[in-house]
Chemist: 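This is the structure I have questions about; it appears just below.
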Amino acid sequence: ICSIVSSSYHTKKDVVNIALINRKYFFLPLLFHKKKYKNFHLIFTNSYDEIIELVRKGKADLGFIYTKITEELKDDKEIKISEDFCFPSPHFIFIHPSLTQFIETLLSIEEIEKISFAEVESIKELFNNLENFLEEWANHDIVEAIKNSPTIGLMIYQEKIVFVNEYAIKLLGYTEEEFFKMTSLDLIYKEDLTEKVVENRKRRLSGEKFPAIYDIRFIKKDGNFVFVKCFTSTILFKGLHSGFVLFYDISHQKRAEKINEILKNINRIITTSLTEEEIYNETCKILVEKLGFKFVWIGIFDDKGRRIPKFYYGKEDGLIEFFQTTEHICEKALKEKDIVVVPDLRSNFENNPIRKELLKRGIYSSCLIPILKNGSVVSTLSIYSEFPNFFNEDIIDLLREIQRDLSFAIQRVDRIKHNMIIAEALKHSDTWILVTDKEGKIIYVNEAVEKISGYKKEELIGNNPRI
């Protein structure tokens with residue numbers, strides 16, 4: 001097997017395009033250049049003519065063909081014959097022991113000669129080397145595909161992190177140098193740093209091989225977190241037992257699950273609560289327990305327009321007492337009746353006493369939601385997160401939905417109160433009040449009907465007024 005070369009080819013090319021027929025023995029010349037396979041791009045063809053045409057047009061830099069065919073190309077100015085990739089390619093005939101009578105006949109043919117056992121072993125070793133070479137090439141391409149994936153993070157750790165791919169750097173925001181100063185445990189959100197995670201790390205670094213899958217939160221450089229699904233294993237990296245981690249972002253999926261769960265709970269509150277107190281208390285509890293906020297409180301406006309904390313849930317840490325003694329009117333929320341988000345409380349906090357107090361307690365972002373009744377703001381829902389920039393578009397969309405639901409629920413409670421007052425008034429009225437359905441059957445009578453008619457309520461319900 002010999003190689004032909006395009007006239008435009010030069011040996012310093014980063015990527016060498018090689019045309020060959022897709023049969024294993026045409027890979028043999030590459031064995032002499034196995035260290036360069038990272039630079040090879042293979043173009044498979046169905047014929048030698050196709051190989052020659054690709055090389056002639058410069059679409060392939062090299063082509064593998066039999067030496068005999070190269071004799072026809074000596075005068076072709078677009079093609080050169082190269083010795084770099086030439087490979088001796090004798091053909092072998094193996095005869096089954098039951099057919100030994102044909103051996104002498106074959107050996108009588110001039111171009112056929114008997115080979116030694118050592119030569120047979122050499123051929124077997126050659127093809128074994130080729131299989132190993134192709135497996136090494138495949139493994140390299142698999143690793144490169146993962147390393148360069150735009151959606152899959154790759155991390156290798158020993159005592160410290162020793163490798164990360166570009167996607168991991170982009171997703172989490174740390175530089176490569178910053179990663180290399182961290183352990184794998186430094187990335188994990190404290191609530192997800194379980195004993196099992198710590199123990200599995202020790203087992204990996206001691207060389208124990210086992211797979212594991214986690215849904216876990218990684219802390220980003222900006223202080224926020226990202227939900228990831230991790231596939232972990234144990235490998236040998238540069239001579240040391242190491243943890244191998246593949247991960248991808250599942251934050252959107254996790255948020256969608258949380259949002260659906262929260263909206264179900266909010267809808268339950270709307271349909272079952274009979275008082276504003278019940279609505280407010282349950283809402284605060286759900287937002288802390290289901291969405292992971294650090295602290296939530298609801299302020300009711302007094303006669304002077306000040307927000308008075310009435311309902312709260314979470315790690316209060318003295319905040320309620322602070323708010324009761326501090327003026328904190330949010331004019332923007334009152335005027336625009338819209339959600340107000342402070343993505344990072346660390347910005348411009350020096351002259352803001354409220355931000356200072358929140359930062360002292362590990363709160364880094366906040367959100368205020370005005371709650372409306374009949375078009376007017378009657379209360380506000382304040383939400384605090386321990387993560388900066390926590391209130392992304394998905395969270396804000398959820399909070400808008402909660403704002404609408406709470407406004408509806410409060411107005412519903414008002415209607416229930418109003419109806420109950422009217423019902424009580426009608427019940428005790430001295431005026432005869434009798435209600436029938438569309439078929440003329442009595443469905444309601446007040447006390448006056450009982451007194452005037454002499455009938456008991458139970459005797460009248462379901463009968464016709466003609467009674």
Side-chain angles (χ1 to χ4, degrees), residues 1-6 9 11-48 50-51 54-55 59-66 82 84-89 92 121-158 161-169 204 207-213 229-248:
I1 301 173
C2 198
S3 58
I4 55 174
V5 184
S6 168
Y9 170 67
T11 56
K12 293 183 179 180
K13 284 191 70 174
D14 292 332
V15 178
V16 180
N17 296 307
I18 301 175
L20 70 161
I21 292 175
N22 192 8
R23 292 185 189 140
K24 197 155 285 184
Y25 49 82
F26 279 101
F27 286 85
L28 289 171
L30 297 177
L31 276 174
F32 293 122
H33 301 267
K34 61 183 297 184
K35 292 182 179 178
K36 297 181 180 179
Y37 68 80
K38 298 173 186 178
N39 307 109
F40 295 157
H41 174 249
L42 303 184
I43 304 171
F44 294 121
T45 67
N46 297 312
S47 68
Y48 303 116
E50 193 177 346
I51 292 172
L54 287 169
V55 173
K59 294 182 179 179
D61 300 305
L62 296 172
F64 294 160
I65 59 176
Y66 282 121
S82 171
D84 289 346
F85 287 85
C86 285
F87 188 84
S89 181
F92 298 89
E121 290 301 310
S122 177
I123 290 296
K124 288 165 68 177
E125 184 180 358
L126 179 68
F127 276 89
N128 282 337
N129 290 340
L130 180 59
E131 289 292 340
N132 292 335
F133 165 61
L134 294 177
E135 184 177 354
E136 180 185 337
W137 193 341
N139 290 337
H140 167 268
D141 282 359
I142 290 169
V143 171
E144 286 297 307
I146 294 172
K147 277 172 57 179
N148 299 320
S149 170
T151 57
I152 297 176
L154 169 59
M155 176 175 66
I156 299 173
Y157 66 84
Q158 293 164 0
I161 295 169
V162 293
F163 179 85
V164 286
N165 69 347
E166 285 298 322
Y167 177 74
I169 291 171
R204 291 204 189 286
E208 187 177 345
K209 292 193 174 184
F210 61 96
I213 301 175
K229 184 174 283 293
C230 291
F231 302 86
T232 62
S233 189
T234 308
I235 64 169
L236 195 68
F237 183 75
K238 296 184 178 180
L240 294 174
H241 296 304
S242 308
F244 178 85
V245 184
L246 291 178
F247 59 91
Y248 63 93

Chemist: Does the Lys NZ or Arg CZ of R204 fall within the cation-pi geometry relative to F210 - under 6.0 Å from the ring centre and within 45° of the axis?
Modeler: yes
Chemist: Any chance you could measure T45, atom OG1, to F64, atom CZ, to the nearest 0.5 Å?
Modeler: 11.5 Å
Chemist: Between Q158 and F237, is there a donor-acceptor pair closer than 3.5 Å when you use the side chain of the first and the backbone of the second?
Modeler: yes
Chemist: Would you say the side-chain atoms of N165 pair up with the backbone N or O of N148, donor to acceptor, closer than 3.5 Å?
Modeler: no
Chemist: A side-chain contact here means heavy atoms from C-beta on lying under 4.5 Å apart; do H41 and V16 qualify?
Modeler: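 Side-chain contact under 4.5 Å: no.
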Chemist: Is there a side-chain contact (heavy atoms from CB on, under 4.5 Å) between L30 and I18 once you walk through the steps?
Modeler: CA-CA 10 Å; L30 297 177; I18 301 175; 3.8 Å; yes
Chemist: More than 12 foreign heavy atoms under 6.0 Å from CD of E144: is that the case here?
Modeler: yes
Chemist: Closest approach of I1 and P29, non-hydrogen atoms and distance?
Modeler: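 Heavy atoms only, the tightest pair is CG2-CG, 3.9 Å.
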Chemist: So, T232 side chain and A212 main chain: donor-acceptor pair closer than 3.5 Å or not?
Modeler: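 At least one qualifying donor-acceptor pair exists.
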Chemist: Out of curiosity, L246 CG to L154 CG, how far, rounded to the nearest 0.5 Å?
Modeler: 5.5 Å
Chemist: Can you tell me how far NZ of K124 sits from CG of N129, rounded to the nearest 0.5 angstrom?
Modeler: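 It comes to 13.0 Å.
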Chemist: Determine whether more than 12 heavy atoms belonging to other residues, nucleotides or ligands lie under 6.0 Å from atom CD of E125.
Modeler: no
Chemist: Does K59, at its NZ atom, have more than 12 non-hydrogen atoms belonging to other residues, nucleotides or ligands within less than 6.0 Å?
Modeler: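 No, not enclosed.
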Chemist: With a 6.0 Å cut-off on ring centres, are Y66 and F26 close enough?
Modeler: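 Yes, the ring of Y66 comes within the 6.0 Å limit of the ring of F26, centre to centre.
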Chemist: Parallel, tilted or perpendicular: which one describes the rings of F27 and F44, with boundaries at 30° and 60°?
Modeler: tilted
Chemist: Ignoring hydrogens and angles, tell me if any N or O in the side chain of N39 forms a donor-acceptor pair with the backbone of D14 under 3.5 Å.
Modeler: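 Here the side-chain-to-backbone pair exists.
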Chemist: Write down the atom of T151, the atom of Y248, and the distance for their closest heavy-atom approach.
Modeler: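 Nearest pair, atom of T151 first, then Y248: O-CB, 3.5 Å.
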Chemist: Would the distance check show the side chain of T234 and the main-chain N or O of G207 forming a donor-acceptor pair, the cut-off being under 3.5 Å?
Modeler: no
Chemist: Mind listing the closest non-hydrogen atom pair of C230 and F247 along with its distance?
Modeler: SG-CB, 3.8 Å
Chemist: Flag the pair E135 / N139 as yes when at least one side-chain heavy-atom distance between them is below 4.5 Å, and no otherwise.
Modeler: yes
Chemist: Quick check: closest heavy atoms across A60 and A19, and the distance to 0.1 Å?
Modeler: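 Scanning both residues, the minimum pair turns out to be CB-CB, 3.9 Å.
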Chemist: To the closest 0.5 Å, what do you measure between CG (D61) and CZ (F40)?
Modeler: 10.5 Å
Chemist: Rounded to the nearest 0.5 Å, how far apart are CG of L130 and NZ of K24?
Modeler: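 Between L130 CG and K24 NZ, I get 6.5 Å after rounding to 0.5 Å.
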Chemist: Quick check for you: to the nearest 0.5 Å, what is the distance between L42 atom CG and L20 atom CG?
Modeler: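 So the gap between those two atoms works out to 5.5 Å.
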